[in-house]
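Note that ligands are numbered from 1 as they come in the structure, with each ligand's atoms numbered from 1 the same way.
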Amino acid sequence: MSLEFVHANIKDLDRIVEIERASMSTPWSRNSFIEAIESDHAFVNLVLYESEMAGYAVFYLTLPEAELPDIVISEEYRGQGIGRALLEQSLEELKELGVEKVFLEVRETNTPARLLYESMDFEQIGVRKYFYSEPVEDAICMSYEIV
Ligand SMILES: CC(C)(COP(=O)(O)OP(=O)(O)OC[C@H]1O[C@@H](n2cnc3c(N)ncnc32)[C@H](O)[C@@H]1OP(=O)(O)O)[C@@H](O)C(=O)NCCC(=O)NCCS
């Protein structure tokens with residue numbers, strides 16, 4: 001499998017927003033992605049499959065911690081190990097940046113994402129009741145220690 005990882009820039013926005021809208025019930029706005037791409041404290045890591053964008057992960061840095069607010073693999077590329085590869089590569093990069101702990105929230109019923117995080121040794125650290133809308137749902141809060 002030919003995968004590449006690169007940071008997004010503004011020219012990638014249209015495809016990112018397209019994948020986001022097709023995948024999430026409350027998608028991030030275009031402006032949120034612009035802010036993440038342009039911020040010195042954030043990056044959007046793209047995974048390219050045979051040079052086509054297959055997905056992305058957004059990270060916000062507050063060293064020595066980081067937050068993963070959004071990770072999506074476009075539907076046609078799911079189930080092939082690309083999400084895991086993107087997360088693994090991103091964790092390597094975060095380690096090099098001095099990040100020691102990564103936090104995220106995930107919908108309680110989002111089994112694919114929860115199994116991905118658990119299989120990579122993310123640990124549940126709490127629950128935020130009614131955190132999500134459309135549909136209203138609890139968030140499972142997880143963290144990962146980078147060693
Ligand atoms: C969650 C997501 C990023 C996973 O990406 P992916 O490329 O399909 O995942 P991978 O093929 O790398 O699978 C990695 C692991 O995730 C879990 N997983 C992935 N798809 C799954 C499914 N349909 N059912 C159950 N577990 C699944 C498995 O543990 C899998 O490991 P395995 O193949 O060894 O069993 C993808 O499903 C997605 O984009 N979902 C919509 C957006 C979303 O919910 N993002 C997370 C927000 S918190």
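Residues E18 and R15 are paired through a salt bridge, judged by an N-O separation under 4.0 Å between the basic side chain and the carboxylate.
Looking at atom 25 (C) of ligand 1, its nearest protein heavy atom turns out to be L115 CD1, 3.6 Å. The protein heavy-atom contact nearest to atom 21 (C) of ligand 1 is P112 CB, 3.5 Å.
Of all atoms in ligand 1, numbered sequentially from 1 with element shown, those under 4.0 Å from a heavy atom of G81 are 10 (P), 11 (O), 12 (O). Listed by atom number, the atoms of ligand 1 under 4.0 Å from Q80 heavy atoms are 11 (O).
Proximity annotation for atom 45 (N) of ligand 1: of I71, L86, L68, I82, I71 comes nearest, heavy atoms only.
In this structure, E105 counts as a contact residue of ligand 1, since one of its heavy atoms falls inside 4.0 Å of the ligand. The closest approach between a heavy atom of S23 and any atom of ligand 1 is not below 4.0 Å.
Here Y117 has side-chain heavy atoms under 4.0 Å from ligand 1, and that is the only part of it that gets that close.
Polar contact check, M24 against ligand 1: no nitrogen or oxygen pair lies under 3.5 Å apart. Between R84 and ligand 1, a contact under 3.5 Å exists for at least one N or O pair.
A donor-acceptor contact under 3.5 angstrom links the side chains of Y56 and E20, judged on distance only.
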